[in-house]
Asker: 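First the structure, then my questions, so here it is.
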Amino acid sequence: MDNYIKFLQIVDDDLRKIFDYQKEYLFCKEGCSHCCKRGDFPLSELEFTYLMQGYDNLHPEIQCKIKENVENVKNGDRDSYICPFLINEKCSVYKYRPIVCRAFGVLTEDSKGNPSFPFCTTLGLNFSQIYDKEKKGLSSELASKGNFKIYPKIFRLSNNVFMNLPLAKELNLNFGEGKKMIDYLETKF
Ligand code: SF4
């Protein structure tokens, strides 16, 4: 697990730079937890094991709430649910959260190479000066109107990209199988 923690520290540093770089164009509103309320939160076995370390460190009352949440998710829509670890609008396992949670909010690219905004942008839940609500996409007009120094660079970030980083090989990480969070919670919780 030590090497995975090292990996996360380096990834977090790089993500911080990316979020800082794009903040002129897109950033999360403070206190928003919408990204934890809609998704299937895919993660690898290694990430799940670390997440469970975070759970083990929680107060028993919070653990009880999480257990209840897990039961609710099992009986609901397994493709899109509120993350069971979201307690009082905050991540109860923040330090241990999976990679998908760390990278959420970055302006990325879809499979065709077009800019892809996080879904919350379309709901007006985060801040973007370059999102055209009518066209539902990046607006070069708004970017030039805003007199931004640079056109935003798009990053291609997916779980696979992170897991195949040379750094992961250097640290000899074995991520194991990727699954929806609820699938791991059902079998290994
Ligand atoms: S693990 Fe934490 S950050 Fe990730 S979706 Fe759940 S509550 Fe949100």
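Read the numbers this way: they start at 1 and go in the same order the structure lists the ligands and their atoms.
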Asker: How does Y94 reach ligand 1, if at all, at less than 4.0 Å between non-hydrogen atoms: by side chain, backbone, both, or neither?
Answerer: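 For Y94, no heavy atom sits under 4.0 Å from ligand 1.
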
Asker: Please say whether more than 12 non-hydrogen atoms of neighbouring residues, nucleotides or ligands are located less than 6.0 Å from NZ in K74.
Answerer: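 Enclosed: over 12 neighbouring heavy atoms sit under 6.0 Å from NZ of K74.
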
Asker: Closest non-hydrogen protein atom to atom 8 (Fe) of ligand 1, residue and atom name please, with distance?
Answerer: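 Result: C36 SG, 2.3 Å.
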
Asker: Minimum heavy-atom separation for Y55 and Q63, please, with both atom names.
Answerer: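 Result for this residue pair: O-NE2, 2.7 Å.
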
Asker: Between the side chain of D77 and the main-chain N/O of D79, is any donor-acceptor distance below 3.5 Å?
Answerer: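 Checking the backbone N and O of D79 against the side chain of D77, a donor-acceptor pair under 3.5 Å is found.
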
Asker: Between the side chains of K65 and E68, is the shortest nitrogen-to-carboxylate-oxygen separation below 4.0 Å, so that they form an ion pair?
Answerer: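 Here E68 does not pair with K65 in a salt bridge, since their nearest N and O are not under 4.0 Å apart.
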
Asker: Taking 4.0 angstrom as the limit and counting only heavy atoms of L86, give me the atoms of ligand 1 inside it, by number and element.
Answerer: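 Numbered from 1, ligand 1 contributes 7 (S).
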
Asker: Determine whether more than 12 heavy atoms belonging to other residues, nucleotides or ligands lie under 6.0 Å from atom CG of N57.
Answerer: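 Yes, because the 6.0 Å sphere around CG of N57 holds more than 12 heavy atoms from other groups.
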
Asker: How about C91: does one of its N, O or S atoms come closer than 2.8 Å to atom 2 (Fe) of ligand 1?
Answerer: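 Yes, within the cut-off.
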
Asker: Any N/O/S atom, side chain or main chain, of C83 closer to atom 4 (Fe) of ligand 1 than 2.8 Å?
Answerer: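 No, C83 does not qualify, because none of its backbone or side-chain N, O or S atoms lies under 2.8 Å.
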
Asker: Which protein heavy atom lies closest to atom 4 (Fe) of ligand 1, and at what distance to 0.1 Å?
Answerer: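 Atom 4 (Fe) of ligand 1 sits closest to the protein heavy atom C101 SG, 2.3 Å.
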
Asker: Ignoring hydrogens and angles, tell me if any N or O in the side chain of Y184 forms a donor-acceptor pair with the backbone of E45 under 3.5 Å.
Answerer: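 Checked: pair present.
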
Asker: Of all the atoms in ligand 1, which lie at a distance below 4.0 Å from a heavy atom belonging to F41?
Answerer: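 The list of qualifying atoms is 5 (S).
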
